[in-house]
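Down below is the structure, laid out as structure tokens.
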Amino acid sequence: MSKLYLKAMEDVVQRNTDNTNRITEQAQGFVVSENATDSLLHTSFDLTTAQSIVKHLHASFLKLAQSCVRDLDTEDKLCFLRVKTRKHEFLVSPEDVFTVTVVL
């Protein structure tokens, strides 16, 4: 992972220290992907599971949610997305350069 991504991730974690600590205690795992290419940067899951999360959540659902927010207010942007299913809960946080998804 490049220094640019590491620095950006450190900034996000420091800004949200309390939430980060609380979430990591409960998390099954996480995926960090690059926004420009939807490629994996870091994950705690196996490669197939991580690629599936990026493909289905980031590439499709997240972009749709971001588009809906922009349609409602052109000056606003999606900061956080929470999706809960019967089996899992996904916490998605899109940043400028990368997107972090935590699975609870």
Side-chain angles (χ1 to χ4, degrees):
M1 193 178 324
S2 73
K3 290 182 181 182
L4 171 71
Y5 295 123
L6 287 174
K7 177 65 176 149
M9 283 176 53
E10 287 175 9
D11 291 343
V12 170
V13 170
Q14 287 177 357
R15 280 189 315 224
N16 302 294
T17 303
D18 293 337
N19 288 336
T20 303
N21 291 338
R22 182 177 50 83
I23 289 170
T24 53
E25 291 172 359
Q26 302 171 7
Q28 293 179 15
F30 66 92
V31 176
V32 180
S33 68
E34 182 182 13
N35 290 342
T37 61
D38 285 329
S39 59
L40 289 174
L41 296 176
H42 193 60
T43 183
S44 63
F45 293 108
D46 62 275
L47 187 60
T48 305
T49 303
Q51 288 174 336
S52 178
I53 290 170
V54 169
K55 178 183 176 186
H56 295 292
L57 271 178
H58 297 191
S60 302
F61 194 66
L62 180 63
K63 288 185 178 25
L64 178 64
Q66 288 172 325
S67 177
C68 289
V69 170
R70 277 193 306 270
D71 287 348
L72 293 171
D73 184 352
T74 57
E75 296 178 9
D76 205 357
K77 73 176 195 173
L78 181 70
C79 296
F80 190 76
L81 177 67
R82 185 176 187 170
V83 179
K84 188 171 184 175
T85 67
R86 283 186 238 146
K87 292 184 179 181
H88 302 288
E89 186 172 3
F90 300 93
L91 308 176
V92 185
S93 178
E95 295 292 328
D96 294 332
V97 180
F98 60 89
T99 298
V100 178
T101 301
V102 177
V103 181
L104 299 177

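Quick note: numbers below take in every heavy atom, side chains included, and nothing from hydrogens, waters or symmetry partners. Along the sequence shown, residues carry numbers from 1.
By the criterion of side-chain heavy atoms lying less than 4.5 angstrom apart, applied directly or through intervening Ile, Leu, Val, Met, Phe, Trp or Tyr residues, Val97 is grouped together with Leu41 in one hydrophobic cluster. By the rule that hydrophobic residues join a cluster once side-chain heavy atoms approach within less than 4.5 Å of another member, Val54 and Leu78 end up as members of one cluster. Cluster annotation: Phe80 is connected to Val32 through the hydrophobic network of ILVMFWY side chains, with a link wherever side-chain heavy atoms come within less than 4.5 Å.
Nearest heavy atoms, Glu34 versus Thr37: OE1-OG1, 3.1 Å. Shortest non-hydrogen contact noted between Thr99 and Pro94 is OG1-CA, 3.7 Å. The two residues Gly29 and Ser44 have their closest heavy-atom pair at CA-OG, 3.0 Å.
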Mind listing the side-chain donor-acceptor pairs of residues 55-72 below 3.5 Å, one per line with the distance, residues two or more places apart or on another chain?
unit_1 : atom_1 : unit_2 : atom_2 : d
His58  : ND1    : Ser33  : OG     : 2.7
His58  : NE2    : Thr101 : OG1    : 2.4

Atom pairs and distances, side-chain donor-acceptor, residues 85-92, under 3.5 Å, sequence neighbours left out:
unit_1 : atom_1 : unit_2 : atom_2 : d
Thr85  : OG1    : Lys87  : N      : 3.4
Thr85  : OG1    : His88  : N      : 2.9
Thr85  : OG1    : His88  : O      : 2.9
Glu89  : OE2    : Arg82  : NE     : 2.3
Glu89  : OE2    : Arg82  : NH2    : 2.5

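Contacts of Gln26 classified as side-chain contact (heavy atoms from CB on, under 4.5 Å), with partners at least two apart in sequence or in another chain: Arg22, Leu104. For Asp96, the salt bridge (Lys or Arg N to Asp or Glu O under 4.0 Å) partners are Lys77, not counting sequence neighbours. Applying the side-chain hydrogen bond (donor to acceptor under 3.5 Å, both in side chains) criterion to Asp46, with sequence neighbours excluded, gives Thr49. Under the ring-ring contact (aromatic ring centres under 6.0 Å, His included) criterion, Phe30 pairs with His42, sequence neighbours left out.
Side-chain contact between Val100 and Glu95 is absent, with no heavy atoms from C-beta onward closer than 4.5 Å.
Here the OG atom belonging to Ser93 is positioned 7.5 Å from the CZ atom belonging to Phe98, to the nearest 0.5 angstrom.
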